[in-house]
Q: 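Take this structure, written in structure tokens, and hold onto it; I'll ask about it next.
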Amino acid sequence: MVLSGAERQLLQTIWAKVSANDELGGEIFDRMFHVYPTTKTYFPHFNLGQGSGDVRTQGQKVLKALGNGLKHLDNLRGTFTDLADLHAYNLRVDPVNFKASRRSRLFPSARPTGRGRCPRSAGASVPRAVRRLTALSLFPPPLQLLAKTIHVALAIALRNEYTALAYLAFDKFLAEVGEVLCEKYR
């Protein structure tokens with residue numbers, strides 16, 4: 001994985017603050033289903049009402065898996081192999097949903113403007129290295145939407161502590177998790 005020691009420490013610090021929030025997983029999935037209603041098709045057997053038990057439980061499972069991955073950053077493949085098997089063989093998630101795209105949709109307007117800032121539509125000043133690496137990340141399409149929603153939820157929960165560097169570290173981590181989950185389809 002391409003995470004530096006400082007990024008690993010930043011991930012651990014932020015996750016320690018977030019992991020205590022039991023409602024965050026449900027909020028992530030509620031937001032994803034509201035903002036991206038097409039994602040509801042991936043969960044036809046769930047009660048998808050806002051705040052439902054199914055949504056909350058699924059969110060908690062995802063956050064628990066991510067937390068487990070953060071504890072085992074040196075062995076993500078081993079950590080997520082059972083989850084990859086579950087999605088590929090038991091749930092039979094369509095492999096089309098796991099094709100990698102050539103450009104990240106997490107920060108689509110992050111193109112250099114020559115002033116070291118993102119265009120006004122992006123709404124914030126982001127270091128050039130963040131713009132470049134974000135533009136290169138390879139998320140499978142459905143995972144892009146989940147990752148984007150995770151970023152939004154973390155930014156809301158952590159406010160000023162969720163800096164551009166924290167965003168970049170989580171983006172790298174989520175991209176690696178997505179890559180591991182897609183390996184069973186190759």
Q: Identify the heavy atoms of Thr41 and Pro44 that sit nearest to each other, and give their distance.
A: O-CD, 3.5 Å

Q: State the NZ-CG distance between Lys148 and Leu174, to the nearest 0.5 angstrom.
A: 14.0 Å

Q: If you compare all heavy atoms of Leu3 against all heavy atoms of Ala169, which two are closest, and at what distance to 0.1 Å?
A: CD2-O, 3.8 Å

Q: Kindly compute the distance separating CD1 (Ile28) from NE2 (His151), expressed to the nearest 0.5 Å.
A: 10.5 Å

Q: If you round to the nearest 0.5 Å, how far is CG of Leu165 from CZ of Phe170?
A: 13.0 Å

Q: Could you report the tightest heavy-atom contact between Ala153 and Leu24, atom names first, then the distance?
A: CB-CD1, 3.9 Å

Q: Salt bridge (charged side-chain N to carboxylate O under 4.0 Å, His left out): which pairs involve residues 51-62, sequence neighbours left out?
A: none

Q: Is the closest side-chain heavy-atom distance between Leu73 and Thr79 below 4.5 Å?
A: no

Q: If hydrophobic clusters are built from ILVMFWY residues whose side chains come within less than 4.5 Å, do Ile14 and Val62 share one?
A: yes

Q: Do Leu76 and Phe173 have side chains that get closer than 4.5 Å, going by heavy atoms?
A: yes

Q: Find out if a path of hydrophobic residues (ILVMFWY) with successive side-chain heavy-atom gaps under 4.5 Å connects Leu158 to Val152.
A: no

Q: Roughly how far apart are Thr38 OG1 and Met32 CE, rounded to 0.5 Å?
A: 9.0 Å

Q: Do the side chains of Glu176 and Arg77 get nearer than 4.5 Å, heavy atoms only?
A: yes

Q: Are Ile150 and Ile156 connected in a single hydrophobic cluster, I mean Ile/Leu/Val/Met/Phe/Trp/Tyr linked by side-chain heavy atoms less than 4.5 Å apart?
A: no

Q: Decide yes or no for Trp15 and Leu63: does some side-chain heavy atom of the first lie under 4.5 Å from some side-chain heavy atom of the second?
A: yes

Q: For a side chain to side chain contact (heavy atoms under 4.5 Å, CB included) check, start with the C-alpha distance between Arg8 and Asp74, then their side-chain angles and the critical distance, and finish with the verdict.
A: CA-CA 10 Å; Arg8 289 171 181 245; Asp74 292 327; 2.8 Å; yes

Q: State, to 0.1 Å, how close Gln12 and Lys71 come at their nearest heavy-atom pair, and which atoms those are.
A: NE2-N, 4.4 Å

Q: Mind listing the closest non-hydrogen atom pair of Gly49 and Val55 along with its distance?
A: O-CG2, 4.2 Å

Q: Does the side chain to side chain donor-acceptor pair (under 3.5 Å) test come out yes or no for His72 and Asn68, once each step is laid out?
A: CA-CA 6 Å; His72 302 99; Asn68 193 28; 3.2 Å; yes

Q: Looking only at non-hydrogen atoms, find the nearest pair between Ala65 and Leu83 and report the distance.
A: CB-CD2, 4.2 Å

Q: Determine whether more than 12 heavy atoms belonging to other residues, nucleotides or ligands lie under 6.0 Å from atom CD of Gln50.
A: no

Q: Indicate yes or no: at least one non-hydrogen side-chain atom of Tyr42 is less than 4.5 angstrom from one of Phe33.
A: no

Q: Sequence neighbours excluded, which residues qualify as side-chain hydrogen bond (donor to acceptor under 3.5 Å, both in side chains) partners of Lys64?
A: none

Q: To the nearest 0.5 Å, what is the distance between CG on Leu146 and OG1 on Thr39?
A: 9.0 Å

Q: Any chance you could measure Leu154, atom CG, to Thr149, atom OG1, to the nearest 0.5 Å?
A: 11.0 Å

Q: Do Asp85 and Asn90 have side chains that approach each other closer than 4.5 Å (heavy atoms only, starting at C-beta)?
A: no

